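Note that ligands are numbered from 1 as they come in the structure, with each ligand's atoms numbered from 1 the same way. Given the structure is predicted, the values throughout are model-derived calculations rather than measurements.
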Amino acid sequence: MQAVAREKGLYEHIQFNTEVTDAHWDEESQRWSMLCRNSAGETRVDSNVVVFAVGQLNRPMIPTIPGVGTFEGPAFHSAQWDHTVDWSGKRVGVIGTGASAAQFIPQLAKTASELKVFARTTNWLLPTPDLHDKISDSSKWLLANLPNYSLWYRASMVMPQSVGFLDDVVVDLDYPPTEVAVSARNEKLRQEISAWMEPQFADRPDLRDVVIPDSPVGGKRIIRDNGTWISTLKRDNVSMIREPIEAITPKGICSVDGTEHEFDLIVYGTGFHASKFLMPINITGRNGVALHEVWKDDDARAYMGMTVPGFPNMFCMYGPNTGLVVYSTIIQFSEFTATYIVDAVRLLLEGGHQSMEIKPQVYESYNQRIDQASSLRAWGFSKVNSWYKNSKGRVTQNFPFNAVEFWRRTHEVEPTDYHLS
Ligand SMILES: Cc1cc2nc3c(=O)[nH]c(=O)nc-3n(C[C@H](O)[C@H](O)[C@H](O)COP(=O)(O)OP(=O)(O)OC[C@H]3O[C@@H](n4cnc5c(N)ncnc54)[C@H](O)[C@@H]3O)c2cc1C
């Protein structure tokens, strides 16, 4: 990224360590006015177009457990890791077993004297034997030296991944749904993954019931694994606690059965405020309407995850319902989104328009289609708790179709979808 920024002369356009706190649409000038704050104070920046590329998974979520903050030792969220803390020989409590926890727990377990993992639910593992393999020298040589090799290599990864195993998580209404499967294909995948996990429990059958999820594959974030997860849980110094947490105490964590687990360090692997899109920026569109009122706090919607009626010339990257979980990568989706936004700016410039605003009916029918499809995917159909859903249970995260569909709808802007002025 640094090389690209240097090569394309981007540095001179970037204001680092600056937070946008407020943005409002000015009808008279047909521009956005943004309030930017940094150590030097506040400044206003006006622009014809605003693109919010503020991510979804970077505002740490600490659960509202009684006693949070009373623990006397060090405690931090995985995204705010305190690198001054040495956990060697220490008793460590971890809350959470999601994608972040699955990556840092094996590292903590290597040297902690005792590690207890508090697990509300567990995740399916996707067998990925080469997960931690290094890229070989010969591959690196080919990528660097063989003309077009990197493009073919990329295509060989991207093409199958554009569809991934989405079909395995689609609900079949003719299949009698169970707690653990939404279709015959989904059940087959569950059995395949279970068969890969089973031998790993041969010497620890007690772990099977606490590790194998009781929800369908795809209901929650699937975690790629090469055997590291279960081998970590089998270590003598590691245990998994499925009792819900009652409170954080000055000495540790108290579970509902009344046990107080004492620790020297607590790490929160509790995820992010994923559904609170564009928080905490105050965004005001046409007629003084606040975006977060339109979105009712955590019920964000947008056309293609990018545009909202009443908020002209405003685009989001990685916006509502653009998460991808069983196919593609954020890189591909970000590229598609950027392509669309550039095309929108081109449309404004070449057409001599001052503003473009998505038509309400286009936005509504798109979101109806998203919600309908989401309810027929394992993550929307299953009652399992996940960060894909907002506080009302609506899926605000995932794009329920495949990446080819996203590309088809984003490779150019359809001008009739917009009011242009
Ligand atoms: C542990 C972890 C693992 C992940 N693994 C994968 C993976 O394997 N594959 C995948 O596809 N996705 C993965 N994701 C999802 C991840 O969110 C994206 O891959 C990626 O980081 C999103 O990029 P982004 O640029 O949209 O947002 P971010 O990387 O979150 O960047 C947003 C930037 O905007 C800045 N910002 C926010 N608000 C403001 C403001 N008001 N003013 C100014 N700046 C602001 C932030 O400081 C940040 O620098 C993972 C996420 C996490 C947390």
Side-chain angles (χ1 to χ4, degrees), residues 1-2 4-5 10 13-24 32 34-39 42-45 47 50-61 76-81 94 96-107 123 125-126 128 130-132 157-158 161-162 164 166 220-226 267-283 291-292 300 302 305-306 314-338 340-341 386-388 396-399 402-403 406:
M1 290 175 96
Q2 289 171 350
V4 170
L10 301 184
H13 302 292
I14 301 175
Q15 240 176 280
F16 287 103
N17 299 314
T18 302
E19 184 179 2
V20 174
T21 56
D22 179 288
H24 75 261
W32 281 96
M34 275 165 288
L35 193 63
C36 307
R37 188 183 295 154
N38 60 23
S39 56
E42 288 184 341
T43 46
R44 279 221 165 261
V45 173
S47 67
V50 59
V51 181
F52 289 106
V54 294
Q56 280 179 19
L57 305 175
N58 52 34
R59 290 175 305 282
M61 211 273 294
F76 50 78
H77 188 279
S78 60
Q80 296 167 326
W81 202 275
V94 171
T97 50
S100 298
Q103 290 179 64
F104 69 73
I105 284 173
Q107 305 305 322
N123 299 58
L125 309 173
L126 190 67
T128 312
D130 59 355
L131 184 64
H132 295 149
M157 286 196 296
V158 165
Q161 271 191 19
S162 297
L166 180 65
K220 282 167 68 77
R221 178 78 153 85
I222 304 169
I223 293 171
R224 286 190 179 273
D225 184 58
N226 57 358
V267 183
Y268 290 89
T270 43
F272 302 87
H273 288 287
S275 282
K276 301 203 170 189
F277 289 84
L278 305 191
M279 285 285 209
I281 314 168
N282 293 315
I283 300 168
L291 182 62
H292 294 299
M306 284 187 263
M314 182 190 95
F315 299 90
C316 304
M317 296 196 58
Y318 203 9
N321 291 106
T322 58
L324 31 117
V325 281
V326 291
Y327 58 86
S328 190
T329 72
I330 186 72
I331 295 169
Q332 194 181 32
F333 263 51
S334 297
E335 287 177 354
F336 293 160
T337 309
Y340 185 92
I341 295 170
S386 84
W387 58 269
Y388 299 159
T396 55
Q397 295 295 326
N398 305 352
F399 185 66
N402 64 36
F406 196 77

Aromatic ring pairing Phe333/Phe406, orientation class (parallel under 30°, perpendicular over 60°, tilted between): parallel
For atom 43 (C) of ligand 1, the protein heavy atom that lies nearest, with its residue and separation: Thr18 O, 3.4 Å
Step-by-step side chain to side chain contact (heavy atoms under 4.5 Å, CB included) determination, Gln80 to Tyr268: CA-CA 10 Å; Gln80 296 167 326; Tyr268 290 89; over 6 Å; no
Step-by-step side chain to side chain contact (heavy atoms under 4.5 Å, CB included) determination, Leu278 to His292: CA-CA 9 Å; Leu278 305 191; His292 294 299; 4.2 Å; yes
Residue portion contacting ligand 1 (non-hydrogen atoms closer than 4.0 Å) for Asn58: side chain
Any protein heavy atom nearer than 4.0 Å to atom 12 (N) of ligand 1: yes
Nearest neighbour in protein (non-hydrogen) for atom 27 (O) of ligand 1: Gly55 CA, 3.2 Å
Protein heavy atom at shortest distance from atom 39 (C) of ligand 1: Val54 CG1, 3.6 Å
Atom 42 (N) of ligand 1: the protein heavy-atom neighbour that sits closest, reported with distance to 0.1 Å: Val20 N, 2.9 Å
Sub-4.0 Å heavy-atom approach of Ile331 to ligand 1: no
4.0 Å heavy-atom contact, Met317 with ligand 1: no
Any Phe272 heavy atom less than 4.0 Å from ligand 1: yes
Atom 51 (C) of ligand 1: the protein heavy-atom neighbour that sits closest, reported with distance to 0.1 Å: Leu57 CD1, 3.8 Å
Protein contact to atom 33 (C) of ligand 1 [nearest heavy atom, distance to 0.1 Å]: Ala53 O, 3.9 Å
Closer than 4.0 Å: a protein non-hydrogen atom to atom 35 (C) of ligand 1: no
Residue Ser100 vicinity, atoms of ligand 1 by number, heavy atom under 4.0 Å: 1 (C)
Contact bool for atom 49 (O) of ligand 1 (protein heavy atom, d < 4.0 Å): no
Test side chain to side chain contact (heavy atoms under 4.5 Å, CB included) applied to Met317 and Tyr340, step by step: CA-CA 10 Å; Met317 296 196 58; Tyr340 185 92; over 6 Å; no
Any protein heavy atom nearer than 4.0 Å to atom 9 (N) of ligand 1: no
Non-hydrogen side-chain atoms of Trp81 and Val267 separated by less than 4.5 Å: yes
Ligand-residue contact atoms, ligand 1 with Thr329, heavy atoms, under 4.0 Å: 11 (O)
Per-atom contact, atom 18 (C) of ligand 1, protein heavy atoms, under 4.0 angstrom: yes
Protein non-hydrogen atom found under 4.0 Å from atom 4 (C) of ligand 1: no
Nearest non-hydrogen protein atom, atom 15 (C) of ligand 1: Tyr318 OH, 3.5 Å
4.0 Å protein heavy-atom contact status of atom 25 (O) of ligand 1, strictly under: no
Top protein contact for atom 7 (C) of ligand 1, by heavy-atom distance: Arg221 NH2, 4.3 Å
Under-4.0 Å heavy-atom contact between protein and atom 53 (C) of ligand 1: yes
Numbered atoms and elements of ligand 1 in range of Glu19, under 4.0 angstrom, heavy atoms: 40 (C), 41 (N), 42 (N), 43 (C)
